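A short write-up of the structure that comes next.
The structure presented is a predicted model; accordingly, all values stated were derived computationally and were not measured.
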Amino acid sequence: MKIASFNINGIKARIEALPAWLDEAEPDVALLQEIKSVDENFPREIFEDRGYTVETHGQKGFNGVAILSKLPLEDVSRGLPGDPEDEQARWIEATVIGDKTAVRVCGLYLPNGNPVPGPKYDYKLAWMERLRLRAQELLASEEPVVMAGDYNIIPQDEDAARPEVWARDALALPESRAAFRRILNLGFTEAFRARTQGPGHFTFWDYQAGAWNKNDGIRIDHFLLSPQAADLLTDCQIDKDIRAREKPSDHVPIWITLDA
DNA sequence: ATGTCAGCTTCGAGCTGA
């Protein structure tokens, strides 16, 4: 089972690049972030024509997540529990029925949190605490669980080309990293780091200041696996080349394969 | 040395968010 995560930065803007990548990468499941579309306006036919079931959790203008799946989906749920007042569309879950095993798959778009300090950073930390509580519940199921998406967290200095630039940013502050570790330390495996060590691996390059040409990137898109999912992990890669194409997103896809 | 992009509002440039 191949599961990919891709912050597309707007479905309208990626209406050509996204299907082109899907046709090449052929993930069974694609978790999309920043669809920037309401559910009614999401161009589902483009993906349904390719054999994908489409489940969206959108909102007007910003945010929005989606699951595309060639495998059957069950028990889709939208929104991160823990705050009925929260109207931002950043979380979607579904059970993917694999050939051998069912996997609970969660797609997430974690708040950016800048500027610091301020209400946006407070919201980020509060959202991460809600994520921790949901992660704890999911672990208790003792089933394979995958939580993937744009975490807006640079886990360590080696995950940025220029860590000094990010030192006081919401993506890298010690408090942000601690909140991320608090979730990991419940017993999750970060799939990319389970298979690849060392610096120089990125999933995002800013549109500004020629960041891509200078390889001035950061690694902020992650896959967290429950122990039962980690046991099934066979690969984890970043589709870096996508960033050099026409009209790219500022993020690239990252994917795993599971023996499921 | 500097350098962007996407979407919204409401027709087009300025704002927000990243």
Side-chain angles (χ1 to χ4, degrees), chain A residues 5-21 31-44 46 56-66 80 86-92 107-128 131 148-155 159-173 175-177 179-180 202-222 238-254:
Chain A
S5 170
F6 191 4
N7 180 326
I8 59 173
N9 190 18
I11 185 60
K12 263 186 227 139
R14 234 53 66 201
I15 203 69
E16 291 183 20
L18 175 59
W21 165 75
L31 305 171
L32 307 179
Q33 300 91 40
E34 285 205 86
I35 63 172
K36 296 187 177 181
S37 160
V38 293
D39 297 336
E40 308 82 78
N41 292 347
F42 191 86
R44 22 188 338 121
I46 294 177
T56 59
H57 180 40
Q59 84 180 75
K60 191 176 179 182
F62 307 101
N63 306 326
V65 289
L80 182 65
D86 186 1
E87 296 188 346
Q88 300 196 33
R90 298 178 173 276
W91 178 267
I92 188 168
L108 67 98
Y109 176 45
L110 204 147
N112 175 293
N114 284 301
V116 183
K120 291 190 175 177
Y121 193 54
D122 296 341
Y123 175 66
K124 177 177 195 153
L125 294 177
W127 202 94
M128 292 183 81
L131 172 57
D150 178 358
Y151 277 76
N152 268 315
I153 292 285
I154 302 167
D159 299 310
R162 296 192 300 156
E164 67 281 4
V165 169
W166 298 93
R168 281 168 295 282
D169 191 282
L171 277 59
L173 278 171
E175 203 175 352
S176 306
R177 288 177 170 176
F180 182 68
F202 309 128
T203 63
F204 169 93
W205 295 260
D206 203 292
Y207 289 122
Q208 298 186 63
W212 167 250
N213 291 324
K214 291 188 266 189
N215 195 25
D216 181 10
I218 53 178
R219 194 175 70 88
I220 56 176
D221 299 87
H222 310 299
I238 297 166
D239 282 347
K240 180 178 181 179
D241 295 348
I242 295 298
R243 188 64 177 78
R245 299 214 177 152
E246 287 294 305
K247 216 165 163 24
S249 171
D250 41 7
H251 294 250
V252 296
I254 174 173

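- A:R90 contributes no side-chain N or O that, together with a main-chain N or O of A:V65, makes up a donor-acceptor pair within less than 3.5 Å.
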Check residues 161-173 of chain A and write down every donor-acceptor pair under 3.5 Å in which the side-chain atom is one partner and the other belongs to a residue at least two apart or another chain.
residue	atom	partner	partner atom	Å
A:R162	NE	A:D216	OD2	3.2
A:R162	NH2	A:D216	OD2	3.1
A:D169	OD1	A:N114	ND2	2.9
A:D169	OD1	A:L171	N	2.8
A:D169	OD2	A:N114	ND2	3.2

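- Nearest approach of A:F6 to A:S249, heavy atoms of both residues: CE1-CB, 4.0 Å.
- For A:Y109, the side chain to side chain donor-acceptor pair (under 3.5 Å) partners two or more places apart in sequence, or in a different chain, are A:E34.
- Of the P atoms belonging to B:dT10 and B:dC5, the separation is 26 Å, rounded to the nearest Å.
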Quiz item: Reading nucleotides 10-18 of chain B from the 5' end, what letters show protein touch, with B for base, S for backbone sugar-phosphate only, - for no heavy atom under 4.0 Å?
Solution: -------SS

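- The residue among A:R14 and A:N213 whose nearest nucleotide of DNA chain B is located toward the 5' end is A:N213.
- B:dG7 and B:dT2: their C1' atoms are spaced 25 Å apart (whole Å).
- The CD1 atom of A:I35 sits 12 Å away from the P atom of B:dC8 (whole-angstrom rounding).
- No donor-acceptor pair closer than 3.5 Å links the side chain of A:R243 to the backbone N or O of A:V252.
- Between A:K12 and the phosphate of B:dC8, there is a side-chain N or O to OP1/OP2 separation shorter than 4.0 Å.
- Here the P atom of nucleotide B:dG7 and the CD1 atom of A:I8 are 9 Å apart, to the nearest Å.
- Atom name P, nucleotides B:dA6 and B:dA1: the rounded distance is 28 Å, in whole Å.
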Quiz item: Are A:N112 and A:K124 close enough, and set up right, to give a side-chain hydrogen bond (donor to acceptor under 3.5 Å, both in side chains), and what steps lead you there?
Solution: CA-CA 7 Å; A:N112 175 293; A:K124 177 177 195 153; 5.8 Å; no

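- The residue A:A13 sits close only to the backbone: its heavy atoms come under 4.0 Å of sugar-phosphate atoms, none of a base.
- A:K214 comes within contact range of at least one nucleobase, with a heavy-atom separation under 4.0 Å.
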